[in-house]
Amino acid sequence: MKYLDEYRDARIARALAAEIVQRTTQPWVLMEICGGQTHTLMRYGIDELLPREVELVHGPGCPVCVTPLETIDKAIALARRPDVILVSYGDMLRVPGSHADLFRAKAQGADVRIAYSPTEAVKIARSNPSRSVVFLAIGFETTAPANAMAAWQARREGLTNFSMLVSHVLVPPAIRALMTAVNKRVQGFIAPGHVCTVMGCGEYEALVRDFGVPIVVGGFEPVDLLEAILMLVKQLEGGEAKLENQYVRSVSQQGNLPAQQIMAEVFEITDQKWRGIGSIPQSGLRLREEYASYDANRIFDVGEITVDEPSECVSAQVLQGLKKPTDCPAFGVRCTPENPLGAPMVSTEGACAAYYHYRRHAVAT
Ligand code: SF4
């Protein structure tokens, strides 16, 4: 297979689905980690092709969804300072903080700008030497190398008006937390192919060994996901637990070494709070001491912010595969993409948004 169309070929997809049906003899709960994978599954109705016994639940791999409420509130507080230009990816603007979102702060006069890459934020800093430019640096291992590169570049140039509000999360510690939870349901994981393109597959071997859980690194097209599901079902039905790589066209064992190198130079591993889920040990990245002067958390004093999630939003359970978006009483009624109560309804990778866009018929009444 060389071209994208082949990964969307209906004949191949149907054949894979038929083999999954034929191989399945008992119930299995599988989780795709990445929100991009969730959207493919919903968009192409892949879950509806599967036998009733194979249940797909959706994981915490939506970076916008797991960015803590405190970080959003902090970004809003920084954006409201007259000396600050707050730069963010577009998705983040409509994520609700405890009282507002960045979009509303912008409408009220805050200087909030959208960027498609962190280097744009560095450029804005260069062109506005009298203002402080803060980049809201969020995401998984996929965005960390580019964010690290932006900090490295700013330091190399001696830019003194650029900093980052960092909220980086890591996939393997999240899988470990899911597997040690008392209410764990997941029996097999589809690991995110883009994260493994950067980090390689090696990190997942310890999880397979420690928990006896099969993990298949999967891609993002319908055929990728059906093939990954089939690989998991074959392992589970055969009583095996192995690490397998379905996304071989992109993922190698060692990953992208230069990307890992720049990440290690700029960031260090730290405990990290995940929105709705709480703190997971060693599951995040923060700027190293050498980059302290580029760390918005250390430069700006916006006070200690502690806030609670809206009680109605069950996104914490959705992100841990314990509930489906349609189990939420607010889904499609008080919570819609136009008026979101929680981040998974806003993000292009959010599970609630995926259910809303592709499953309107399932809206709660
Ligand atoms: S539908 Fe809205 S309120 Fe319900 S879990 Fe999803 S984001 Fe939260």
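Order of listing sets the numbers, starting from 1, for every ligand and every atom in it.
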Sort by chain and number the protein N/O/S atoms found under 2.8 Å from atom 4 (Fe) of ligand 1.
Cys328 SG
Verify the neighbour count for atom CZ of Arg113: are there more than 12 heavy atoms of other residues, nucleotides or ligands below 6.0 Å?
yes
Considering only NZ, NE, NH1 and NH2 on the basic side and carboxylate oxygens on the acidic side, decide whether Glu157 and Arg126 come within less than 4.0 Å.
yes
Looking just at side-chain N and O atoms, do Glu32 and Thr38 make a donor-acceptor pair shorter than 3.5 Å?
yes
Distance only, no hydrogens: is a donor on one side chain within 3.5 Å (strictly under) of an acceptor on the other, for His39 and Glu349?
no
Verify whether one side chain among Gln253 and Glu205 offers a donor that lies under 3.5 Å from an acceptor in the other.
yes
Residues that Cys62 engages under disulfide bond (SG atoms under 2.5 Å apart), provided they are two or more places apart
Cys65
